[in-house]
Participant: 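Take a look at this one; I'll ask things after.
Every chain is numbered from 1 and lettered A, B, ... according to where its sequence line falls, protein lines coming before strand lines. In what follows, every heavy atom counts, from backbone to side chain, and hydrogens, waters and symmetry copies are set aside. Since the model is a prediction, treat every value here as computed from it, not as a measurement.
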There are 2 protein chains.
Amino acid sequence: MFSSTEENYLKAIFNLSVRTKNPVSTNAISQRMNTSAASVTDMLKRLAEKDLINYVKYKGVTLTSTGRKTATMLVRKHRLWEVFLVEQLNFAWDEVHEMAEQLEHIQSEELVNRLDRYLGYPKFDPHGDPIPDANGQFTYRQQVILSELEVGEEAIVVGVKEHSPEFLQFLDRLHLQLGAQVMIQEHFDYDGTMRLKIFPEGEQLVSNKVGQNIYVQKKEK
Amino acid sequence: MFSSTEENYLKAIFNLSVRTKNPVSTNAISQRMNTSAASVTDMLKRLAEKDLINYVKYKGVTLTSTGRKTATMLVRKHRLWEVFLVEQLNFAWDEVHEMAEQLEHIQSEELVNRLDRYLGYPKFDPHGDPIPDANGQFTYRQQVILSELEVGEEAIVVGVKEHSPEFLQFLDRLHLQLGAQVMIQEHFDYDGTMRLKIFPEGEQLVSNKVGQNIYVQKKEK
DNA sequence: GGATTTTTTTAGACTTATCTAAATTTTAAT
DNA sequence: ATTAAAATTTAGATAAGTCTAAAAAAATCC
């Protein structure tokens with residue numbers, strides 16, 4: 001249907017506009033994709049021609065409903081393949097991104113739906129990101145940034161904001177994988193470092209940068 | 001490492017030369033790939049430049065050891081993915097070719113080796129074709145063409161020579177799937193039609209064309 | 001064994017996706 | 001409200017992979 005390149009642009013636009021509904025700029029896309037702004041402009045014209053985006057020269061782009069649907073299905077495929085790689089083939093959560101980046105371009109709706117069923121219709125991928133269902137619906141979840149917790153609060157790690165292998169491996173070292181139960185023991189105003197209790201045993205100092213990149217779900221007290 | 005297109009050419013050359021060791025002609029490749037002879041010539045130059053083939057103008061091509069190794073690994077990936085699709089995702093044997101055609105280009109040696117282990121190191125794919133191991137070694141098997149059997153001989157269906165969905169679906173209808181046990185009851189010289197007993201119960205007339213496209217393993221008497 | 005047919009290669013063109021450099025538009029600043 | 005800076009687009013080139021039509025080489029046929 002669409003080339004891998006076109007699909008990658010759609011995904012980039014989707015991810016850049018998922019938070020804010022504002023149009024995405026040419027430069028933002030070129031940075032995220034490591035291409036020149038000129039290449040992006042060329043591609044935007046093609047995508048607009050195919051009715052995947054709304055493009056106004058010099059004003060940025062938004063996805064059309066077809067474009068958003070296509071991007072959502074790419075995200076679905078990417079995340080389902082990540083679940084497969086981690087849960088079935090026992091890859092670590094920091095190893096799967098590149099492979100999923102290729103697998104997401106495999107063309108077969110039947111395949112992705114069967115994979116979904118095979119995996120038990122998972123709602124979240126190995127990094128805690130929500131997996132859209134066959135209709136494109138995401139599961140929402142009450143979550144906050146770890147560093148926003150107050151001293152004494154308990155929470156469970158449910159996701160990460162950063163996905164670099166370095167960060168994920170560091171979290172492994174800190175035993176802060178998904179599902180980890182933590183309690184804030186101390187908060188240092190000097191630089192935002194926190195002292196965490198990690199259940200059932202263990203204690204760690206985590207930097208503000210780490211705390212800013214972890215999503216947690218507060219525990220009822 | 002190599003583009004999907006380059007890989008497809010290597011696979012075509014491999015398959016065209018796997019029986020005979022003779023050089024493969026430009027026309028043979030263009031027919032198999034549904035491209036013009038001119039396109040093939042262009043690509044052969046590129047593949048020769050990359051030391052994947054030995055190319056002599058007007059004389060056809062053979063694979064270098066690098067080329068053969070690359071093609072073998074593609075066949076390995078293709079067939080392992082077919083096993084996954086059929087055994088894990090419950091696709092029928094006539095539905096998996098196109099998907100495997102895409103999946104075979106996923107770049108990750110670790111992935112294919114883990115998939116191999118996950119599937120239990122299968123030696124044959126859902127069509128009975130041998131799957132090369134991580135070293136590129138194929139498993140050989142004593143097999144003959146069904147129509148070469150004599151009246152009274154018993155055998156087990158172990159593979160197919162033709163892979164079209166039409167043929168495979170027809171075999172399903174005849175209950176001549178892999179593993180089926182058959183005995184030749186009659187052989188009509190008129191057009192080569194055979195009357196088969198299919199164990200445990202069942203009897204079918206099969207045309208010569210069908211019989212020519214099925215591999216069987218003779219049963220000791 | 002020379003003429004004809006078939007096969008293969010070359011020449012020139014097109015598409016997709018990319019780039020750099022130059023031109024244009026928008027934004028920000030004084 | 002100009003002007004300077006930043007962002008974006010256009011122009012022109014390149015590489016991969018494809019095509020058709022024409023030229024060249026190889027194979028085949030009396």
Participant: Atom OH of B:Tyr55 and atom OG1 of B:Thr64: how far apart are they, to the nearest 0.5 Å?
Facilitator: 15.5 Å
Participant: What is the distance, rounded to the nearest whole Å, between atom NZ of A:Lys57 and atom P of C:dA23?
Facilitator: 16 Å
Participant: With a cut-off of less than 4.0 Å, is there a side-chain N or O of A:Arg46 near OP1 or OP2 of C:dT16?
Facilitator: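 Looking at the OP1 and OP2 atoms of C:dT16, neither is under 4.0 Å from any side-chain N or O of A:Arg46.
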Participant: As a test of reading the structure: which of C:dA17, C:dC19, C:dT9 is closest to the side chain of B:Thr26, going by heavy atoms?
Facilitator: C:dT9
Participant: Distance check needed: C:dT16 C1' versus A:Lys45 NZ, whole Å only.
Facilitator: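 Result: 14 Å.
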Participant: A:Lys59 has an atom NZ; how far is it from atom P of C:dT24, in whole Å?
Facilitator: 18 Å
Participant: Quick check on side chain to side chain contact (heavy atoms under 4.5 Å, CB included): which of B:Arg79, B:Lys161, B:Glu82 does B:Asp129 satisfy it with?
Facilitator: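 Testing each of B:Arg79, B:Lys161, B:Glu82 against B:Asp129, the sole residue satisfying side chain to side chain contact (heavy atoms under 4.5 Å, CB included) is B:Arg79.
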Participant: Taking atom C1' of C:dT5 as reference, at what distance in whole Å does atom OH of B:Tyr58 sit?
Facilitator: 15 Å
Participant: Output yes when a side-chain donor or acceptor of B:Gln169 lies under 3.5 Å from a complementary backbone atom of B:Glu166, and no otherwise.
Facilitator: no
Participant: State which of C:dC19, C:dT25, C:dT9 makes the closest approach to the side chain of A:Ser36.
Facilitator: C:dC19
Participant: Going 5' to 3' along DNA chain D, which are the first and last nucleotides with any atom under 4.0 Å from a heavy atom of chain A?
Facilitator: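 Extent of the interface on DNA chain D: D:dA7 to D:dT10.
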Participant: How many whole angstroms separate atom OH of A:Tyr55 from atom P of C:dT25?
Facilitator: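 One finds 13 Å between P of C:dT25 and OH of A:Tyr55, rounded.
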Participant: Under the side-chain contact (heavy atoms from CB on, under 4.5 Å) rule, what do A:Gln177 and A:Val160 come out as? Steps first, then yes or no, please.
Facilitator: CA-CA 9 Å; A:Gln177 294 103 333; A:Val160 291; over 6 Å; no
Participant: Is the positively charged end of B:Arg68 above the ring of B:Phe14, judged by distance under 6.0 angstrom from the centroid and angle within 45° of the axis?
Facilitator: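 No, B:Arg68 does not lie over the aromatic ring of B:Phe14.
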Participant: Can you check the B:Leu44 CG to C:dT7 P distance for me, whole Å?
Facilitator: 16 Å
Participant: Does B:Phe170, at its CZ atom, have more than 12 non-hydrogen atoms belonging to other residues, nucleotides or ligands within less than 6.0 Å?
Facilitator: no
Participant: Taking only the side-chain nitrogens and oxygens of A:Ser3, find out if one of them lies under 4.0 Å from OP1 or OP2 of C:dT16.
Facilitator: no
Participant: Rounding to a whole Å, what distance do you find between A:Leu47:CG and C:dA17:P?
Facilitator: 9 Å
Participant: Describe the nucleic acid contact of B:Thr41 in one word from base, sugar-phosphate, nothing, applying a heavy-atom distance below 4.0 Å.
Facilitator: base
Participant: Which one, C:dT8, C:dC19, C:dT26, comes nearest to the side chain of A:Ser39?
Facilitator: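 In terms of side-chain proximity for A:Ser39, the closest of C:dT8, C:dC19, C:dT26 is C:dC19.
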Participant: What integer distance in Å separates B:Asn27:CG from C:dT7:P?
Facilitator: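 After rounding, the gap between these two atoms is 5 Å.
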Participant: Taking B:Asp125 for the side chain and B:His127 for the main chain, is one N or O donor matched with an acceptor at less than 3.5 Å?
Facilitator: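 Yes, B:Asp125 side chain to B:His127 backbone: donor-acceptor pair under 3.5 Å.
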